[in-house]
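Below: one structure, written as structure tokens.
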Amino acid sequence: SAAGTFIATPRLPVAVKSVLLSPNLGGDRIEAAEALLRGKAEVLRAASSEDVARLVRDADAYLCTGFPRELPEDRAAYGRLRFLQTTSAGVDHIPWERLPPEVVVCGNSGAYNTALAEHAFALILAAAKRIVYHATNIRKQQFEQEMPGKQLRGATLGVIGLGAIGKEVARLGQAFGMRVVGSTRH
């Protein structure tokens with residue numbers, strides 16, 4: 001068959017014949033998903049929350065961000081849905097009480113670790129080197145050399161939360177020669 005297959009539970013393979021795409025994914029993600037699914041599954045495109053509530057019952061899988069606005073409140077609305085894939089790394093924001101127990105939910109854990117850690121370091125470097133202050137003064141044609149930036153090598157970096165993103169921030173801190181102190185709840 002042209003349908004893709006995924007394992008919904010360790011004991012039951014389920015053919016994915018139709019995939020619903022949330023309108024909240026954004027144009028680029030919708031286009032990418034359609035290209036990847038072409039010839040493998042029927043693609044259902046929802047233009048609104050009302051469309052989601054109407055189309056989700058006929059979908060085997062639903063690709064969304066997982067926020068409540070994308071998920072119908074009535075469990076009966078999910079029809080034959082068996083798989084929900086979120087584009088977000090975490091799944092804490094999903095309103096689990098709305099989903100039938102047989103729906104398998106997958107997050108996108110690990111997808112953004114590097115990008116978010118690099119962004120965090122961009123902000124750390126901007127603060128340490130006083131980028132905004134200096135850029136503002138340069139635009140005013142003022143250049144203060146007496147306002148030095150902070151050196152990162154030898155400084156202490158505190159990382160709260162040592163999940164995948166926190167670990168990557170810690171790794172970057174070590175690469176900069178920083179003393180890294182981390183805290184996690186686990």
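One-based numbering along the sequence shown.
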Please tell me if the side chains of D28 and E31 come closer than 4.5 Å, counting only heavy atoms from C-beta onward.
no
Could you tell me whether the side chain of Y62 and the main chain of E70 form a donor-acceptor pair under 3.5 Å?
yes
Between the side chain of H93 and the main-chain N/O of T65, is any donor-acceptor distance below 3.5 Å?
yes
Please determine whether residues L20 and I94 belong to a single hydrophobic cluster, defined as Ile, Leu, Val, Met, Phe, Trp and Tyr linked transitively by side-chain heavy-atom distances below 4.5 Å.
yes
Taking it one step at a time, do Y78 and E102 satisfy side-chain contact (heavy atoms from CB on, under 4.5 Å)?
CA-CA 10 Å; Y78 292 91; E102 62 273 7; over 6 Å; no
Closest approach of G66 to P95 (non-hydrogen atoms, all atoms of both residues):
O-CD, 3.8 Å
Can you tell me how far apart CG (L55) and CG (L81) are? Round to the nearest 0.5 Å.
12.0 Å
So L84 and L99, do their side chains get closer than 4.5 Å, heavy atoms only?
yes
Below 3.5 Å, can you tabulate the donor-acceptor pairs from side chains in residues 103-126 to any protein atom, sequence neighbours excluded?
from : atom 1 : to  : atom 2 : distance (Å)
N108 : ND2    : T87 : O      : 3.2
Y112 : OH     : R29 : NH2    : 3.0
Y112 : OH     : T87 : O      : 2.5

Taking R75 for its side chain and E97 for its backbone only, find out whether a donor-acceptor pair lies under 3.5 Å.
yes
Test item: K40 side-chain N/O and L36 main-chain N/O as donor-acceptor pair under 3.5 Å
yes
Could you tell me if the side chain of L71 sits less than 4.5 Å from the side chain of P68, heavy atoms only?
no
Quick check for you: to the nearest 0.5 Å, what is the distance between I138 atom CD1 and Q141 atom CD?
11.0 Å
In Å and rounded to the nearest 0.5 Å, what is the CD to SG distance from Q85 to C64?
8.5 Å
How long is the gap from CG on L21 to CG on L37, to the nearest 0.5 Å?
6.5 Å
Is there side-chain contact between V159 and L157, with heavy atoms separated by less than 4.5 Å?
yes
Closest non-hydrogen atoms of A59 and S18, given as atom of the first, atom of the second and distance, are CA-OG, 3.2 Å
With rounding to the nearest 0.5 Å, note down the distance linking CD1 in I165 to NZ in K167.
12.0 Å
Separation between CD (E168) and CZ (R171), nearest 0.5 Å, reads 4.0 Å
Where the side chain of D60 meets the backbone of K17, is there a donor-acceptor pair that is under 3.5 Å apart?
yes
Quick note, side chain to side chain donor-acceptor pair (under 3.5 Å) partners involving residues 148-158, not counting sequence neighbours, are T156-R179
Is there a side-chain contact between P72 and V52 in this structure, where contact means two heavy atoms from C-beta onward sitting under 4.5 Å apart?
yes
Working note: F83 + V19, criterion side-chain contact (heavy atoms from CB on, under 4.5 Å); need CA distance, chi angles, decisive distance, verdict.
CA-CA 9 Å; F83 181 72; V19 178; over 6 Å; no
Do R45 and I30 have side chains that approach each other closer than 4.5 Å (heavy atoms only, starting at C-beta)?
yes
